[in-house]
**Student:** 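Before I ask anything, here is the structure I am working with.
In what follows, every heavy atom counts, from backbone to side chain, and hydrogens, waters and symmetry copies are set aside. In this chain, residues are counted from 1 in sequence order.
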Amino acid sequence: MNLKVSSFRALRRASLKNRGTEGALLVAHVVAYLAAVFVVLPLPMALLFVAVHQACYGVYLGCTFAPNHKGMPVLTAEDELDFLRKQVLTSRNVRGGRVVNTALGG
């Protein structure tokens with residue numbers, strides 16, 4: 001849930017490119033997701049589904065991102081690196097065959 005909230009907060013930054021497009025896509029995603037859930041399920045079940053789905057999604061994202069960054073250098077405020085270098089230096093390629101590759105999103 002924090003990922004969605006952070007995404008909407010980021011829209012307030014003037015330096016963000018294509019803020020209108022980003023905002024429209026975020027709103028469209030939330031509206032389509034909630035509409036699909038609430039059209040198909042009765043209200044109590046829809047609320048329960050959203051709560052369980054978001055909780056499981058958070059755990060899944062954590063399990064996906066954590067192995068990618070474990071054991072890699074932690075940057076401090078003094079490290080002045082561009083975005084690409086930050087991404088490359090603080091992450092690793094996780095290999096484990098087709099199952100792990102599929103589970104971690106390719």
Side-chain angles (χ1 to χ4, degrees):
M1 195 58 84
N2 189 36
L3 186 61
K4 291 267 189 278
V5 172
S6 295
S7 297
F8 279 103
R9 281 186 185 156
L11 291 174
R12 288 189 263 168
R13 289 194 315 239
S15 62
L16 183 67
K17 293 179 183 177
N18 302 318
R19 282 181 10 181
T21 304
E22 291 282 345
L25 289 172
L26 276 169
V27 170
H29 169 76
V30 170
V31 168
Y33 173 76
L34 293 176
V37 171
F38 286 101
V39 165
V40 174
L41 298 171
L43 182 63
M45 196 177 291
L47 293 173
L48 181 63
F49 174 84
V50 170
V52 171
H53 177 252
Q54 292 303 308
C56 291
Y57 183 62
V59 171
Y60 170 73
L61 283 177
C63 291
T64 301
F65 291 133
N68 189 26
H69 296 284
K70 291 213 187 318
M72 299 308 287
V74 177
L75 301 178
T76 63
E78 291 82 37
D79 297 320
E80 294 184 20
L81 300 171
D82 60 23
F83 179 76
L84 178 63
R85 283 185 174 66
K86 284 180 187 176
Q87 293 296 310
V88 171
L89 294 175
T90 62
S91 62
R92 69 173 85 225
N93 290 330
V94 178
R95 303 196 194 287
R98 284 189 170 170
V99 173
V100 172
N101 192 35
T102 301
L104 295 179

**Student:** Please say whether more than 12 non-hydrogen atoms of neighbouring residues, nucleotides or ligands are located less than 6.0 Å from CE in Met72.
**Tutor:**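 It does: Met72 CE has more than 12 such atoms within range.
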
**Student:** Apply the hydrophobic cluster definition, ILVMFWY joined by side-chain contacts under 4.5 Å directly or through others, and give me every member besides Leu84.
**Tutor:**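 Val88, all in the cluster of Leu84.
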
**Student:** Quick one: which residue pairs count as a ring-ring contact (aromatic ring centres under 6.0 Å, His included) with a foot in residues 3-26, not counting sequence neighbours?
**Tutor:**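 Residue pairs passing ring-ring contact (aromatic ring centres under 6.0 Å, His included), neighbours aside: none found.
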
**Student:** Which pairs with one or both residues in residues 56-65 pass side-chain hydrogen bond (donor to acceptor under 3.5 Å, both in side chains), sequence neighbours excluded?
**Tutor:**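 For residues 56-65: none.
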
**Student:** Can you tell me which residue pairs pass the side-chain hydrogen bond (donor to acceptor under 3.5 Å, both in side chains) test with a partner in residues 36-49, sequence neighbours excluded?
**Tutor:**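 side-chain hydrogen bond (donor to acceptor under 3.5 Å, both in side chains) check on residues 36-49 returns no pairs.
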
**Student:** Mind listing the closest non-hydrogen atom pair of Pro67 and Gly62 along with its distance?
**Tutor:**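 Taking Pro67 first and Gly62 second, the nearest heavy atoms are CD-O, 4.3 Å.
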
**Student:** Among Ile, Leu, Val, Met, Phe, Trp and Tyr joined by side-chain contacts under 4.5 Å, find the other residues sharing a cluster with Leu48 and list them by chain and number.
**Tutor:**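 Taking Ile, Leu, Val, Met, Phe, Trp and Tyr as members, Leu48 shares its hydrophobic cluster with Val52.
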
**Student:** Which pair of heavy atoms, one from Val100 and one from Gly96, lies closest together, and at what distance?
**Tutor:**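 Closest pair (atom of Val100, atom of Gly96, distance): CG2-O, 3.6 Å.
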
**Student:** Going by side-chain contact (heavy atoms from CB on, under 4.5 Å), name the residues that satisfy it together with Ala55, two or more places apart in sequence or in a different chain.
**Tutor:**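 Ala55 satisfies side-chain contact (heavy atoms from CB on, under 4.5 Å) with no residue once adjacent residues are dropped.
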
**Student:** For Leu43, enumerate each residue passing the side-chain contact (heavy atoms from CB on, under 4.5 Å) test, keeping only those at least two apart in sequence or located in another chain.
**Tutor:**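 Applying side-chain contact (heavy atoms from CB on, under 4.5 Å) to Leu43 gives Phe38, Leu47.
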
**Student:** So which pairs with a foot in residues 67-93 pass salt bridge (Lys or Arg N to Asp or Glu O under 4.0 Å), sequence neighbours left out?
**Tutor:**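 Applying salt bridge (Lys or Arg N to Asp or Glu O under 4.0 Å) to every pair that reaches into residues 67-93, excluding sequence neighbours, yields Asp82-Arg85.
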
**Student:** Apart from Val59 itself, what residues make up its hydrophobic cluster when side-chain heavy atoms of I, L, V, M, F, W and Y under 4.5 Å apart count as a link, directly or indirectly?
**Tutor:**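 Cluster partners of Val59: none, it stands alone.
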
**Student:** How long is the straight-line distance from CD of Gln87 back to CG of Leu81, given to the nearest 0.5 Å?
**Tutor:**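 Interatomic distance, Leu81 CG to Gln87 CD, rounded to 0.5 Å: 11.0 Å.
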
**Student:** Linking Ile, Leu, Val, Met, Phe, Trp and Tyr by side-chain heavy atoms under 4.5 Å, what else ends up with Val39?
**Tutor:**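 Traced through the cluster, Val39 reaches no other member.
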
**Student:** Scan the side chains in residues 25-35 for donor-acceptor partners under 3.5 Å anywhere in the protein, sequence neighbours excluded, and list what turns up.
**Tutor:**
residue : atom : partner : partner atom : Å
His29   : NE2  : Lys4    : NZ           : 3.3
Tyr33   : OH   : His53   : ND1          : 2.8
Tyr33   : OH   : Gln54   : NE2          : 3.4

**Student:** Enumerate the salt bridge (Lys or Arg N to Asp or Glu O under 4.0 Å) contacts for residues 16-33, please, sequence neighbours excluded, ordered by first and then second residue.
**Tutor:**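 Sorted pair list comes back empty.
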
